[in-house]
Amino acid sequence: MANVVVVGSQWGDEGKGKIVDWLSERADVVVRFQGGHNAGHTLVIDGTVYKLSLLPSGVVREGKLAVIGNGVVIDPHALVSEIDKLAGQGLSITPDNLRIADNATLILSLHRELDGYREDAASNSGTRIGTTRRGIGPAYEDKVGRRAIRVMDLADIETLPGKVDRLLTHHNALRRGLGHPEVAHSAIMTELTSVSERILPYQETVWRLLDQHRRKGARILFEGAQGTLLDIDHGTYPFVTSSNTVAGQAAAGSGMGPGAVGYVLGITKAYTTRVGEGPFPTEQNNEVGQFLGERGHEFGTVTGRKRRCGWFDAVLVRQAVANNGITGIALTKLDVLDGLDELKICIGYRIDGEEVDHLPASQGAQSRVEPIYETLEGWKESTVGARRWTDLPAQAVKYVRHIEELIGAPVALLSTSPERDDTILVTDPFED
Ligand code: IMP
């Protein structure tokens with residue numbers, strides 16, 4: 001039986017929430033494997049709205065095990081508030097239904113501050129990334145720099161002061177250089193020890209637990225955050241997040257081998273959006289972009305920022321199909337395009353007069369990319385709530401079929417409204 005990885009195939013915000021919720025109902029275990037509380041989605045279950053950021057979607061469903069893997073960066077105070085907020089809504093989150101990798105990296109207040117200092121300084125020099133300011137990048141830097149504090153360190157009060165010392169040697173030098181006040185050792189110790197009792201009961205040797213579940217034949221859903229174009233290696237660097245967001249990370253970020261993954265579902269919006277700075281070849285800084293933003297309610301879940309909007313970019317999604325090994329896509333928000341006279345799809349790029357079939361890695365080349373469009377006739381009818389192909393206008397079917405052809409992957413699911421049941425199901429990723 002196939003385990004499923006869900007990834008975003010654009011710049012995030014493709015509408016993963018609804019699809020992940022639908023799949024988590026079919027799964028036994030739901031695993032986050034990268035990112036942190038920079039992600040965010042809203043689930044509506046039996047009329048109750050749940051806002052999740054760091055917790056895997058499995059926590060809202062009874063009988064599911066939610067797992068935070070080693071590839072995630074965890075702000076322990078943000079995690080405790082998220083758990084408490086959901087408890088206030090009547091959900092019980094205990095070590096029975098949530099486990100956290102003991103080798104996952106912690107985000108501390110100094111990471112959040114550094115993220116903010118850098119973004120503020122960069123806004124004056126025009127090199128701002130537009131991060132969520134939650135300390136994600138600085139925490140990953142410390143992980144790779146081998147000076148991070150990890151979940152298991154909270155349990156070892158003897159060695160923790162030495163680890164904090166090492167971390168502060170680095171951070172205080174950095175802060176002095178940036179003209180910001182140093183952080184006291186005692187402040188970080190208090191920050192950590194004040195939360196350790198709330199975190200430690202959830203700590204687990206996650207790779208081992210997942211291996212046991214896999215051997216028993218449990219269905220595992222790996223829940224990706226952000227999107228392929230925000231991947232630290234494959235995205236629009238440096239305007240990316242600091243983790244690998246591609247499907248391969250599901251293995252490394254949870255401690256399972258790549259063979260544990262069977263089906264890769266790429267969540268794909270019927271047009272394109274991004275938040276933050278960076279290249280966006282099909283961006284429509286005009287009435288089309290405004291129409292998509294308003295109709296699609298394109299505001300960030302975490303930061304409330306207005307998302308930039310543009311036409312569907314088949315070049316980028318084709319690249320994402322390759323980078324992730326996408327088996328099928330879940331196409332979302334088709335209904336947002338209802339009523340447009342014509343639709344454009346980007347099928348290639350021109351850079352300095354030369355045609356190219358992919359987005360080059362160079363930042364300079366990315367900024368000079370000009371999209372080559374194909375124009376399709378739009379449809380006047382509403383597609384909201386369609387549950388069968390025959391409910392869709394002929395032009396909408398043509399648009400979807402053309403996307404499949406251009407990106408080289410089939411539609412497994414088509415979502416036509418935020419409601420769970422307003423979905424055309426072609427293939428259930430969990431079925432063999
Ligand atoms: P960071 O992840 O906070 O470091 O932000 C780096 C970039 O990733 C910025 O452009 C953010 O807007 C973007 N980003 C981070 N998380 C998300 C997400 O969940 N959806 C969309 N964009 C995101």
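Atoms within each ligand, like the ligands themselves, are counted from 1 in listed order.
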Which of the numbered atoms in ligand 1 are below 4.0 angstrom from a heavy atom of [X]?
| X | value |
| --- | --- |
| Val275 | 10 (O), 12 (O), 21 (C), 22 (N) |
| Gly276 | 10 (O) |
| Ala39 | 19 (O) |
| Gln226 | 15 (C), 16 (N), 17 (C), 18 (C), 19 (O) |

Have a look at Thr241, Leu230, Ile136 and point out the one with the heavy atom closest to atom 14 (N) of ligand 1. Leu230

Report the C-alpha distance between Ser9 and Thr268 in whole Å, list the side-chain angles of each, state the deciding distance to 0.1 Å, and finish with yes or no for side chain to side chain donor-acceptor pair (under 3.5 Å). CA-CA 6 Å; Ser9 66; Thr268 307; 2.7 Å; yes

Decide whether an N or O pair under 3.5 Å exists between Arg274 and ligand 1. no

For Asp13 and His41, test the side chains for any donor-to-acceptor distance below 3.5 angstrom and give the result as yes or no. no

Assign the ring pair Phe222 / Phe33 to parallel, tilted or perpendicular, where the plane angle (0 to 90°) is split at 30° and 60°. perpendicular

For the pair Asp231 and Asn323, evaluate side chain to side chain donor-acceptor pair (under 3.5 Å) and give the outcome as yes or no after the intermediate values. CA-CA 10 Å; Asp231 182 278; Asn323 291 156; over 6 Å; no

Short N-O contact, [X] and [Y], less than 4.0 angstrom:
| X | Y | value |
| --- | --- | --- |
| Glu25 | Arg420 | yes |
| Arg134 | Asp115 | no |
| Arg318 | Asp357 | no |

Identify, for [atom], the protein heavy atom at the shortest distance, and state residue, atom and that distance.
| atom | result |
| --- | --- |
| atom 5 (O) of ligand 1 | Thr131 CA, 3.3 Å |
| atom 9 (C) of ligand 1 | Gly130 O, 3.1 Å |
| atom 3 (O) of ligand 1 | Thr132 OG1, 2.5 Å |
| atom 21 (C) of ligand 1 | Asp13 OD2, 3.1 Å |
| atom 7 (C) of ligand 1 | Val240 O, 3.7 Å |

Looking only at heavy atoms, is any part of Arg305 under 4.0 Å from ligand 1, and if so is it the side chain, the backbone, or both, or is it neither? side chain

Below a 4.0 angstrom heavy-atom separation, can you tell me which part of Trp11, side chain or backbone, both or neither, approaches ligand 1? backbone

Could you name each residue pair satisfying salt bridge (charged side-chain N to carboxylate O under 4.0 Å, His left out) that touches residues 265-290, not counting sequence neighbours? Arg128-Glu277, Lys269-Glu298, Glu283-Arg308

I would like to know whether His111 and Asp142 meet side chain to side chain donor-acceptor pair (under 3.5 Å); could you show each step before the answer? CA-CA 9 Å; His111 295 124; Asp142 281 346; 2.7 Å; yes

